[in-house]
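To keep things clear, I will list the structure first and then write my remarks on it.
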Amino acid sequence: MTTVRTPAGWPATEEEARAVQDELRARVVIDEPGPVPGTGHVTGVDVAYDDERDVVVAAAVVLDAASLDVVAEATAAGRVSFPYVPGLLAFREIPAVLAALDALPCPPGLVVCDGYGLAHPRRFGLASHLGVLTGLPVIGVAKNPFTFTYDDPGPRRGSSAPLLAGEEEVGRALRTRDGVKPVFVSVGHRVALDNACAHVLALTPAYRLPETTRRADSLCRRALQETTTRHAPAPRGAGG
DNA sequence: GCGACAG
DNA sequence: ATCTTGTCGC
């Protein structure tokens with residue numbers, strides 16, 4: 001497990017953070033189709049927190065896109081660098097995610113992160129921010145519709161409906177399992193929305209959430225537990 | 001002004 | 001995000 005370094009000039013206030021988003025959003029690339037689903041690598045990233053101890057742990061898990069087998073994984077631990085503020089999630093998650101991605105022994109290929117990309121108050125959510133900073137193709141898959149609206153997609157896996165900010169389609173509500181609540185897909189960087197949805201379907205052969213996020217989620221939780229346990233008071237009785 | 005609000 | 005065991009169902 002490597003150590004998180006907060007990037008130089010990381011914003012300290014919400015006002016500064018919003019200014020960073022307003023400046024960087026011009027660098028988002030939306031005219032590339034992105035990787036072909038089922039080819040190359042797909043990497044899930046996720047972050048777990050222990051705010052009590054001010055600890056953050058990120059995980060990056062690389063899957064073979066065709067088999068969904070784990071090819072590589074890495075974790076990074078450090079101090080929390082920003083509070084959770086709706087619309088500013090990226091400033092809380094990105095330093096740890098960058099450290100985990102840097103620790104990987106191979107290229108990540110397409111990155112799938114929890115949360116949103118262009119579906120964001122200033123059209124620059126976590127997935128777009130991570131894409132601009134790394135240059136990698138990135139998509140966002142969220143479990144909740146945030147502030148956006150959508151009509152319920154059809155009941156079958158594969159059905160989708162626009163995720164709307166007023167009249168603007170900022171993403172898609174995509175049904176990944178028959179009769180189960182959809183996930184919310186949006187473009188991050190260098191991937192088209194249709195292709196992003198195709199990737200998500202390729203990553204959900206068995207569960208609502210993509211295998212990438214499931215794997216990254218369990219890994220960062222496990223790593224956080226170990227970090228937390230190691231720094232906790234020595235347990236009474238048995239143990240070693 | 002107040003509430004809602006990705007993780 | 002996190003608090004948290006058993007339990008209903010295929």
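No hydrogens, no waters, no symmetry mates; every other heavy atom, side chains included, goes into these values.
Of the candidates B:dC5, C:dA1, B:dA6, B:dA6 carries the atom nearest the A:Tyr84 side chain, counting heavy atoms from C-beta on. The side chain of A:Leu89 has B:dG7 as its nearest neighbour among B:dC5, B:dG7, C:dT2. Each of B:dA6, C:dA1, B:dG7 was ranked by its minimum atom distance to the side chain of A:Arg221; first place goes to C:dA1.
The backbone N or O of A:Arg208 sits less than 3.5 Å from a side-chain atom of A:Thr176, completing a donor-acceptor pair. Remark: side-chain polar atoms of A:Arg172 are not paired, donor with acceptor, to backbone N or O of A:Ser160 under 3.5 angstrom. Judged by distance alone, the side chain of A:Asn195 and the main-chain N or O of A:Pro33 form a donor-acceptor pair under 3.5 Å. Looking at A:Ser186, its side chain does come within 3.5 Å of a backbone N or O of A:Gly117 through a donor-acceptor pair.
A:Gly87 comes within contact range of at least one nucleobase, with a heavy-atom separation under 4.0 Å. The residue A:Leu163 sits apart from the nucleic acid: no heavy atom pair falls under 4.0 Å. As judged by a 4.0 angstrom heavy-atom cut-off over every strand, A:Ala119 is placed among residues making no nucleic acid contact. Using a 4.0 Å heavy-atom criterion, one finds that A:Asp50 contacts no nucleic acid atom at all. Within the 4.0 angstrom heavy-atom criterion, base atoms lie near A:Tyr116.
Between the CZ atom of A:Phe91 and the C1' atom of B:dG7 there is a distance of 15 Å, given to the nearest Å. The separation between A:Asp46 atom CG and C:dT2 atom P is 8 Å, rounded to whole Å. Atom C1' of nucleotide C:dA1 and atom CZ of A:Phe146 are separated by 14 Å, given to the nearest angstrom. If you take CG of A:Leu130 and P of B:dG7, they are 16 Å apart, rounded to a whole angstrom. At whole-Å resolution of the value, CG in A:Asp51 and C1' in C:dT2 are 9 Å apart. Atom C1' of nucleotide B:dA6 and atom OH of A:Tyr150 are separated by 14 Å, given to the nearest angstrom. Across the protein-nucleic acid pair, A:Gln225 atom CD and C:dT4 atom C1' stand 12 Å apart, rounded to whole Å. If you measure from atom CZ of A:Phe124 to atom P of B:dA6, you get 19 Å, rounded to the nearest angstrom.
Between B:dG7 and A:Asn144, a contact under 4.0 Å exists linking OP1 or OP2 to a side-chain N or O. In terms of phosphate contacts, A:Lys143 brings no side-chain nitrogen or oxygen within less than 4.0 Å of OP1 or OP2 of B:dA6.
Within a 6.0 Å radius of CZ in A:Arg123, more than 12 heavy atoms belonging to other residues, nucleotides or ligands are found. Within a 6.0 Å radius of CZ in A:Arg27, other residues, nucleotides and ligands contribute 12 heavy atoms or fewer. The 12-atom threshold is not exceeded at CZ of A:Arg5, counting heavy atoms of other residues, nucleotides or ligands nearer than 6.0 Å.
At least one side-chain heavy atom of A:Tyr49 sits less than 4.5 Å from a side-chain heavy atom of A:Glu93.
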State the dot-bracket string of DNA chain B. Criteria: Watson-Crick or G-U wobble, both atom distances under 3.5 angstrom; notation: ( ) intrastrand, [ ] crossing earlier pairs, | interstrand, . unpaired. .......

